[in-house]
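Quick caveat, the model's predicted, so the values are computed rather than measured. Every chain is numbered from 1 and lettered A, B, ... according to where its sequence line falls, protein lines coming before strand lines.
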Amino acid sequence: MSDPFDLADEPPPPPPRSPSAVLRLDALNDTQRAAVEATEGPVLVLAGAGTGKTRVLTTRLAYILAQGLARPGEVLAVTFTNKAAREMRERVSALLGQPVEGWWVGTFHALGARILRIHAEAVGLKPNFTILDADDQLRLVKQLLEAHGIDEKRTPARVVLAAIQRWKNRGLGADAVPAAEGAGVADGRALSLYAEYQDRLRTLNAADFGDLLLHCLTLFQADAEIARRYQRRFRYILVDEYQDTNVAQYLWLRVLAQAHHNICCVGDDDQSIYSWRGAEVGNILRFESDFPGAQVIRLERNYRSTPHILAAASGLIAHNEGRLGKTLWTELNEGEKVVVRGVWDGEEEARVVCSEVEALQSKGETLNEMAALVRAGFQTREFEERLITLGIPYRVVGGPRFYERQEIRDAIAYLRVIAQPDDDLAFERIVNVPKRGLGPASLQAVHRLARAERLPLTAAAERLIGTDELKPQARNRLGGLLHDFARWRSLSAVMPHPELAALVLDESGYTGMWQASKAPEAAGRLDNLKELVTALADFDSLGGFLEHISLVMENEESTAADKFTVMTLHSAKGLEFDTVFLPGWEEGVFPNQRSLDEGGTAALEEERRLAYVGITRARQRAVVLFAANRRMFGRWQSSVPSRFIDELPPDNVEPVSEPGLYGTAPARGVGGLNDSAAWTAGDSWRPRRFRAQPLIDAVAFDVGARDAPERPFEAGQRVFHQKFGYGRVIAVDGEKLEVAFEKAGTKKVIDSFVEAA
DNA sequence: AATATATGCGTTTTT
DNA sequence: CGCATATATT
């Protein structure tokens, strides 16, 4: 981080090629090797799911270094996530057999921040500028709206902020937005609010995420010499997940690639699922015209999934238009078909999945190799409940993050004010936490002065306590706080920062506040604060720590324990599992209602890509589920199976459904998932039939009784029936069981009416 | 300043 | 339905 690249100097010629560093490429297939060796000029690597994308990327990087084509500091490798950046670092170091120092590997935002810290003054910031998170941004916009007396109901801060972010994603500063575009948002005031927002950021000495790239663009444009230095420096540029780049990121890359043109972008247009966040599939579709003379290399050999899974995914995604097109193939053995299973409701869906999980586990599969991938967060709940009931260890990815917890944000706010006195947002957050009798009235006085004199809040507060405007008590308290801050700030020069943090939390009364609290969560919060102080020790400065938490918001989950995973499809991108469950494939859930209502074809296609991502996560088994009924927002709704189910190629699908529910084959446990004798694939489960049949049949069920058989019943097995009570199976005939009930005598029943006892 | 009640709203979220 | 905000109430 601290390496002061001397950008003024032309880098010396690359060192001579060293034979000891030659990299073996024989583990790669021909196409992969071609992608590694095509180092010169623009290259687009279209890497289908499971085709060894990461391997190519890391080998290519190692190859460039090993061949002596560039020194580490002359290579720029850009990712979207810190996880991907870390993986790249580790894998390249492993390939080279030594750690690589001084190279530029990181996320767009981290790299943008790194450049910006060096040239902050050029865009009106100081080098220690704060990076605001989403919460800070929103509060800032709220303040602006309030200051203008704009009704938050009519013009929600969220909407204004979203507009600003969209502009930033497109590389548009406030002065560059076409006036017509501002007209539609926030009663036509969005544009002026944008300008004002930027103004405030500058006063706060702060940048939001979008700024980290946008300011770079401004910088490069304003100072051609600086741009030229970076252009010369970066001989080789590598970009991961190119389909997810937005316009600002594209422009950023284009500037940096201008001198050497050695830019290699890896991506898959079929896995573009972040357009709602500003990603432009167009970037990847246009690559050849954007970078003239570009080579396009397609990685199409899939090493991950069985042919059925691959064919199901390919057949589905073929319904999208405007693709670059790839034909994935594999040499793996056929494997199991994709199971499509209809169930009664969400609860049963969870039951079915979890009993499959248990069954697989008892066959020796590990929980780490199984996951349920849902469309939206609310779907995780039913799974969690069931997993808890059964005592299956699990993790839900994407819960509340450590640095987003209230107590952590409060603590960080203290540190932020110490590190950067102009950080009003942080100051406001903790000025009265714990309670210091500095309520709205006092704060308003500070604000008034700050606005009038265009001062940061701390400076205004400083001046205010020199006057008699505040009541004596408030004046004393505020003075005391400012005094503390000054003291802590001077201590920060001499005291190790973890110690300082502990001292600040203590002396400010913040720890005491939670110690005194009798809230049930207080103990946990104190633990978290301790953890925070411990975490500080991993960084060599307070600034470094603050940078880290701004840019690295991820949860680092220990992968040691064997756990079943529940997560959204979005966060599953890039991962793989032996077994993947895909619940909730119903119209309105997946594809999501909102994309159906608002986004038109483009949004539907993105949903379809999401489905594609889901299926292609599976190595061995994919199970798609849909429920006939689902409770949404507290209301029961009967639902129609997703159109995506119809789009799966029938030959690669094994339909399984509840008897009577959809008139299809009886459901079975793991061993029986392939039992589809009653089903000619490709017709009986089509929506037409669904609509005609299910509701009536379903209502006829004794709902309490119908629990899905979790595994095939066997003679002699003890079972339970809602109406007849306990009994023992005498004979099995397909879905029909003969059961000797203890109280009701021997009866013939359908298996879905009984459960294993 | 702190609790009680009303209201509103409800995808995905790498940084 | 369940959560997060806003407003009312003491």
I'd like to check, for A:F80, whether its ring lies over the base of B:dT15 with centroids under 5.5 Å apart and a plane angle smaller than 30°.
no
For A:A162, give me all partners under side-chain contact (heavy atoms from CB on, under 4.5 Å), at least two apart in sequence or on another chain.
A:R166
Testing A:Y250, A:F80, A:F287 one by one against A:Y242 for a ring pair (Phe, Tyr, Trp, His ring centres under 6.0 Å), which residue passes?
A:F287
Atom-to-atom span, NZ of A:K573 to C1' of B:dT13 - whole angstrom
12 Å
Compare side-chain N and O positions of A:N592 against OP1 and OP2 of B:dT12 and report whether any pair is under 4.0 Å apart.
no
Specify the separation, in whole Å, of atom CZ of A:R158 and atom C1' of C:dT5.
13 Å
Check whether any side-chain heavy atom of A:V580 lies under 4.5 Å from a side-chain heavy atom of A:I615, and answer yes or no.
no
So does A:T568 get a side-chain nitrogen or oxygen closer than 4.0 Å to the phosphate oxygens (OP1/OP2) of B:dT13?
yes
A:Y274 or A:N432: which one's nearest nucleotide on DNA chain B is closer to the 5' end?
A:N432
Protein-nucleotide distance (A:L604, atom CG; B:dT12, atom P), rounded to Å
18 Å
Measure the distance from CD on A:E586 to P on B:dT11 and round it to the nearest whole Å.
16 Å
Distance, rounded to the nearest Å, where A:E241 contributes CD and B:dT15 contributes P:
12 Å
Assign the ring pair A:H548 / A:F539 to parallel, tilted or perpendicular, where the plane angle (0 to 90°) is split at 30° and 60°.
tilted
Side chain of A:H570: nearest nucleotide among B:dT13, B:dT15, B:dG10?
B:dT13
Could you check, using the six-membered ring where one of them is a Trp, whether A:Y230 and A:H119 have ring centers closer than 6.0 angstrom?
yes
Using the P atom as the reference point in each nucleotide, state the distance between C:dT5 and B:dT12 in Å, no decimals.
16 Å
C:dC3 to B:dT14 separation - C1' atoms, rounded to the nearest Å:
25 Å
Take atom OH of A:Y242 and atom P of B:dT14, then tell me their distance rounded to the nearest Å.
22 Å
Among A:R608, A:Q243, A:R323, exactly one meets side chain to side chain donor-acceptor pair (under 3.5 Å) together with A:D270. Which residue is that?
A:R323
Do A:R277 side-chain and B:dT11 base share a donor-acceptor contact under 3.5 Å?
no
Out of B:dT15, B:dA2, B:dT13, which nucleotide sits closest to the side chain of A:T107?
B:dT15
I need the CE-C1' distance between A:M632 and C:dG2, as an integer number of Å.
14 Å
Can you tell me if the side-chain N/O atoms of A:K153 get under 4.0 Å from OP1 or OP2 in C:dT5?
no
Got a sec? Which of residues 373-382 of chain A come in under 4.0 Å of DNA chain B, heavy atoms?
A:R375, A:A376, A:G377
Separation of B:dT15 atom P from A:L138 atom CG, nearest Å, is 20 Å
